[in-house]
2 protein chains.
Amino acid sequence: MTDSRVSMPRRSLPAAEDHAARFARQREADRTATAEDYVELIADLLREEGEARAVDLSRRMGVSQATVTATIGRLQRDGLVETKPYRGLFLTEAGTELATAAKSRHDLVVRFLIAVGLDAETAEQDAEGLEHHASDEALAAFARFLAKRDDPI
Amino acid sequence: MTDSRVSMPRRSLPAAEDHAARFARQREADRTATAEDYVELIADLLREEGEARAVDLSRRMGVSQATVTATIGRLQRDGLVETKPYRGLFLTEAGTELATAAKSRHDLVVRFLIAVGLDAETAEQDAEGLEHHASDEALAAFARFLAKRDDPI
DNA sequence: AACACTTCTTAGCCTAGGCTAACTTTCAGA
DNA sequence: TCTGAAAGTTAGCCTAGGCTAAGAAGTGTT
């Protein structure tokens, strides 16, 4: 039972509670990632195609229709989505807000990745994963980076 | 049924198959993230403390001991970890490789985040999530960015 | 109006990754 | 040595998010 608060030697590991907090935050982000992906995609489809049908989500998420039905059920339960059976999907107020936030985060991450040297396609690919795990502080830093690059001095 | 290949107007959505491929890649990364976190932590504990006990993983991951037992079981099944009951955890060859790769990716992401303006603690926090979702191309770009910054000709 | 096709839902299954409660094993100190 | 605390395991539960197969509900064409 070594007490790292006393000796403080060549420790690179953070305190256990801090370490645990990081992972907890991570698990939280994982839980919200699916919801964000779905509402973001629904918003995109509504904007670009005029309607968001479950079958389109199924195709674009690469997932069975049964899975979409189940997921939409959870989003509905959580007050993010409304459905009119056989009439496509709609976002609630909360869903729209979440989608807007997700999209602006997504776009920021894409622009940042391109700025540090990724090609557009890879940037899109990576943003899909990174957008859910970047903290507000990180996003702010990305934005500062872009601002400085666009307007040096 | 609009055919976006024909008109090609103000579409910002990628082709459905490409879109699906992104999400598939994402789900793949999610599946490997837990394994990477565990072997990385086990490697750290072995290096820093001389042994990796399940109870330490439990504390540092912020998860019950029962959950650790179950997860370790999966890692063992997948050939990443070996256990001697009541004797701590050890990495297999494959586990060690994975841990090494994960750690170097983690460190690269941390250094990159600091370089773009995050403080050390936030960088560590964010790296925990981002390291599993950055492609090799992105990591290469991060490395180039660091190299250029450290040695601007 | 009827038929076929597409869309959506339902039922039943699975794995990963969480939990608590209860039990077993090990270890250290009196 | 024995005994209590710590460590580890087991059993039983849960949710999210996948799947397939089968059935129901619209839609469109003739």
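So you know, we letter chains A, B, ... as the sequences are listed, proteins then strands, and number each from 1.
Rounded to whole angstrom, the span from the CZ atom of A:Arg87 across to the P atom of C:dT7 amounts to 14 Å. Rounded to an integer number of Å, the gap from B:Lys84 NZ to D:dG8 P is 14 Å. What separates CZ of B:Arg53 from P of C:dT26 is a distance of 15 Å, to the nearest Å. Rounded to whole Å, the distance from CD1 on A:Ile72 to P on C:dC8 is 10 Å.
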Worksheet item: How does protein contact run along nucleotides 14-24 of chain D, one letter per nucleotide 5' to 3', with B for base contact, S for sugar-phosphate only, - for none, heavy atoms under 4.0 Å?
Response: --SBSBB---B
Practice prompt. Could you give me the CA-CA distance, side-chain angles and deciding distance for B:Gln125 and A:Ser135, then say whether side-chain hydrogen bond (donor to acceptor under 3.5 Å, both in side chains) is met?
Written response: CA-CA 9 Å; B:Gln125 169 76 261; A:Ser135 65; over 6 Å; no
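A:His133 and B:Glu128 share no donor-acceptor pair across their side chains, judged by distance under 3.5 Å alone. A:Asp37 and A:His132 form a side-chain donor-acceptor contact under 3.5 Å, judged by distance and modelled atom types alone.
A salt bridge links B:Lys103 and B:Asp107; the closest N-O separation between the charged side-chain nitrogens and carboxylate oxygens is under 4.0 Å.
Tested against A:Val81 for a side chain to side chain contact (heavy atoms under 4.5 Å, CB included), the candidates A:Thr71, A:Ile72, A:Thr92 yield a single pass: A:Ile72.
Ring pair B:Phe23/A:Tyr38: centre-to-centre distance not below 6.0 Å.
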